[in-house]
Amino acid sequence: MEVDPFYRNLPKIELHAHINGSISTETIDELLAKNQQEGKQQLDITALQRWKAGLEKGESMTFDGCFDMFRLIHQLVDNCEAVAIVTRNVIREFAEDGVRYLELRSTPRDVPETGMTKRSYVESVLSAIHESKDAGLDIIVRFMIAIDRGRDLKTAQETVKLAKEFYASSGGVVVGLDLSGDPNKNDVRDYIPFLKEARESGLKLAIHTAEIPNVTESLALVQLPPDRIGHGTFLQPGDGGSQEIVNTVIKYKTPLELCLSSNIIGQTVTSFDNHHFKFWYDGGHPCVICTDDKGIFATSLSQEYQITASTFNLTRDQVWELSLKSIEAIFADDVMKDKLRNLWANEKSKLEFT
Ligand code: 6MZ
């Protein structure tokens, strides 16, 4: 899709980006070439190439299909050096797309064959974040450690322990905890004690909620309440949610991280104009436009803003406000929020609003 320069030049906040789902085709090629040079066995990425070709042709994809892609990418990103390369490249790509503040998230993994541990995984992400800062990239980056609900409770417990440690030692770079993974797997209520434990230690909570219909689960999650909701696709009554769920989200003013292309490609939303953005945006609820997995869904944040604007007939002033208001939802203090608001004010005169 051709993206209008207005959306590229718009300063943007990205709050829902999974590191491995954000991997670009160029980075995949870079890692494959590196493995070849090092004489490692080559990974068969035919399924990923087929997925990307299908996207280009506009074929229907499936929700399960993207989880197959994550599993494949995890086989490629199986060592600390690869984790650092992917993180560095993802940050650079977001910066090039006009993202000025980025909260990345990722699930720490152990790979005994390469010596990668959950701890060294997080250290690799953090070192890439520091390198990007030292290189002078015009982007502020923070990190959230993710629990994959597809894995067992013991792993979740270890992840929370790690998140608490890094929250205390990372000098403010680790800001929160994400709960993600395949929503068809396990009962999310079993993970709630870990979320509460993380919150008590100061970590913010960004929780995937109602990505598929599940009233009991969604109600338990929104009542926490989390600091932000990921997707929130099936919160509304008659749509796999309930009025009580909607009222709770409104009561707590919990910001929603909305990922339009992800929901369309994963077929949890039937068309862009049916996207729940409209319901929440029209109600004046805090909405943040995000990419989810820009690599897997072949998108960019600029493109997501353009899709939102063209689908819902937003004026450029409204798009500007949408981006500006996203600052309210970041996991940072008022000093950082003021700094970003000043930056936005400086950028405004450079944009063409007509
Ligand atoms: C739920 C998702 C997701 O953690 O290896 N992830 N979880 N719903 C989604 N919507 C499509 N997209 C990504 O990045 C990949 C992992 O992020 C989660 C899944 O757990 C996936 O394995 P990381 O950096």
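Nothing here was measured: the structure is a model prediction, and the numbers come from that model. In listed order, ligands and their atoms are each counted from 1.
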Starting from [atom], which protein heavy atom do you reach first, and at what distance in Å?
| atom | value |
| --- | --- |
| atom 22 (O) of ligand 1 | His74 CE1, 3.4 Å |
| atom 4 (O) of ligand 1 | Thr107 OG1, 2.7 Å |
| atom 24 (O) of ligand 1 | Ser106 OG, 2.6 Å |
| atom 8 (N) of ligand 1 | Glu211 OE1, 2.8 Å |
| atom 12 (N) of ligand 1 | Asp293 OD2, 2.8 Å |
| atom 14 (O) of ligand 1 | His18 CB, 3.5 Å |
| atom 21 (C) of ligand 1 | Phe70 CD1, 3.5 Å |

So which atom in Glu257 and which in Ala206 form the shortest heavy-atom distance, rounded to 0.1 Å? OE2-CB, 3.7 Å
What atoms in ligand 1 come closer than 4.0 Å to a heavy atom of [X]?
| X | result |
| --- | --- |
| Ile19 | 24 (O) |
| His208 | 1 (C), 7 (N), 8 (N) |
| Asn20 | 5 (O), 14 (O), 23 (P), 24 (O) |

Can we call the ring centroids of Phe312 and Tyr281 under 6.0 Å apart? no
Any nitrogen or oxygen of [X] lying under 3.5 Å from a nitrogen or oxygen in ligand 1? Just yes or no.
| X | result |
| --- | --- |
| Gly181 | yes |
| Asp182 | no |
| Asp292 | yes |

[Y] versus [X], side-chain donor and acceptor atoms under 3.5 Å:
| X | Y | value |
| --- | --- | --- |
| Thr299 | Glu304 | yes |
| Tyr191 | Asn186 | yes |
| Asn274 | Thr270 | yes |
| Lys118 | Thr159 | no |

Which bit of Ile73 gets closer than 4.0 Å to ligand 1, counting heavy atoms only: side chain, backbone, both or neither? neither
Classify the ring geometry of His16 against His231: parallel below 30°, tilted from 30° to 60°, perpendicular beyond 60°. perpendicular
In terms of relative ring orientation, are Phe353 and Phe6 parallel, tilted or perpendicular, with 30° and 60° separating the classes?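 Aromatic pair Phe353/Phe6 classed perpendicular.
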Between Lys164 and Glu197, is there a salt bridge with N-O shorter than 4.0 Å? yes
